[in-house]
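Report on the following structure.
As the structure is a prediction and not an experimental result, all values here were calculated from the model.
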Amino acid sequence: MDSSKSIDTSISIVTKLDLDEEGKNVEQKLCRGMIGSLLYLTSSRPDIVFSVSLCARFQANPKGSHLKAVKRILIYLKGTQNLRLWYPRGYNFDLVGYDGADYAGFHADRKSTPGTTHFLGYCLVSWEIKKQNSVALSTVQAEYVVATSCCAQLLWII
């Protein structure tokens, strides 16, 4: 990992992680430890939240493809050590929320993965990415569920 080149994204846009039942088994303790460390980092690095949560879904039975995705996140972090959240003084502080969902984006169970972000002015103050508990029957339903969650979070912040 020390000699690896840095990369621009924490997960490739063509990466579709699934159960990979025919893949090579890897040591669970090692993979879980790496994912746990990455989960700890998500509190200060919102850019890796989605990719880490995607890898965490497979920690019960990790395969070689899952470990490869975790290592890619670590290589990305190595190249972006100076990337930080910054909260400047004297800016407009309007509270704004954004949301979005990928309809049936998780191929194993066809559940959507919505995400929300909340800004106070130009400053990120809250974010969440969580797989929905139920299967959405349409993109409208997936967006409605995440919009409800976004509004609830905004009301909690106020």
Going by side chain to side chain contact (heavy atoms under 4.5 Å, CB included), name the residues that satisfy it together with [X], two or more places apart in sequence or in a different chain.
X: D8; value: none
X: A69; value: L17, C55
X: Y98; value: V96, T117, F119
X: E22; value: none

Check your understanding: Is it true that a side-chain atom of E143 and a backbone atom of T139 form a donor plus acceptor pair closer than 3.5 Å?
Key ->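 Not a single qualifying donor-acceptor pair exists.
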Exercise for review: I would like to know whether T9 and R72 meet side chain to side chain contact (heavy atoms under 4.5 Å, CB included); could you show each step before the answer?
Suggested key: CA-CA 9 Å; T9 59; R72 180 183 172 101; 2.8 Å; yes
[X] and [Y]: which non-hydrogen atoms are nearest, and at how many Å?
X: S65; Y: D20; result: OG-OD2, 2.8 Å
X: I48; Y: L38; result: CD1-O, 4.1 Å
X: A101; Y: A142; result: CB-O, 4.0 Å

Practice item. Please identify each residue that fulfils salt bridge (charged side-chain N to carboxylate O under 4.0 Å, His left out) with D47, with sequence neighbours left out. Key: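 Partners of D47 under the salt bridge (charged side-chain N to carboxylate O under 4.0 Å, His left out) test: R45.
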Practice item. Indicate yes or no: at least one non-hydrogen side-chain atom of Q28 is less than 4.5 angstrom from one of P62. Key: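 With C-beta onward as the side chain, the pair touches.
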Review point. Is any side-chain heavy atom of L83 less than 4.5 Å from a side-chain heavy atom of L77?
Key: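 With C-beta onward as the side chain, the pair stays apart.
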Determine all donor-acceptor pairs shorter than 3.5 Å in which one atom belongs to a side chain in residues 149-158; sequence neighbours excluded.
| from | atom 1 | to | atom 2 | distance (Å) |
| --- | --- | --- | --- | --- |
| Q153 | NE2 | S126 | OG | 3.3 |

Test of understanding: clusters of I, L, V, M, F, W, Y form through side-chain heavy atoms closer than 4.5 Å, transitively. Do [X] and [Y] belong to the same one?
X: F50; Y: V146; value: no
X: L39; Y: L74; value: yes
X: V70; Y: L30; value: yes
X: L41; Y: L67; value: yes

Practice item. Could you name each residue pair satisfying ring-ring contact (aromatic ring centres under 6.0 Å, His included) that touches residues 63-82, not counting sequence neighbours? Key: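 Residue pairs with at least one partner in residues 63-82: F58-H66.
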Using the side-chain hydrogen bond (donor to acceptor under 3.5 Å, both in side chains) criterion, which residues pair with [X]? Sequence neighbours excluded.
X: N25; answer: K63
X: S37; answer: none
X: T116; answer: none

About how many Å separate [atom2] of [Y] and [atom1] of [X], when rounded to the nearest 0.5 Å?
X: I75; Y: T80; atom1: CD1; atom2: OG1; answer: 11.5 Å
X: I73; Y: S51; atom1: CD1; atom2: OG; answer: 4.0 Å
X: H118; Y: D99; atom1: NE2; atom2: CG; answer: 8.0 Å

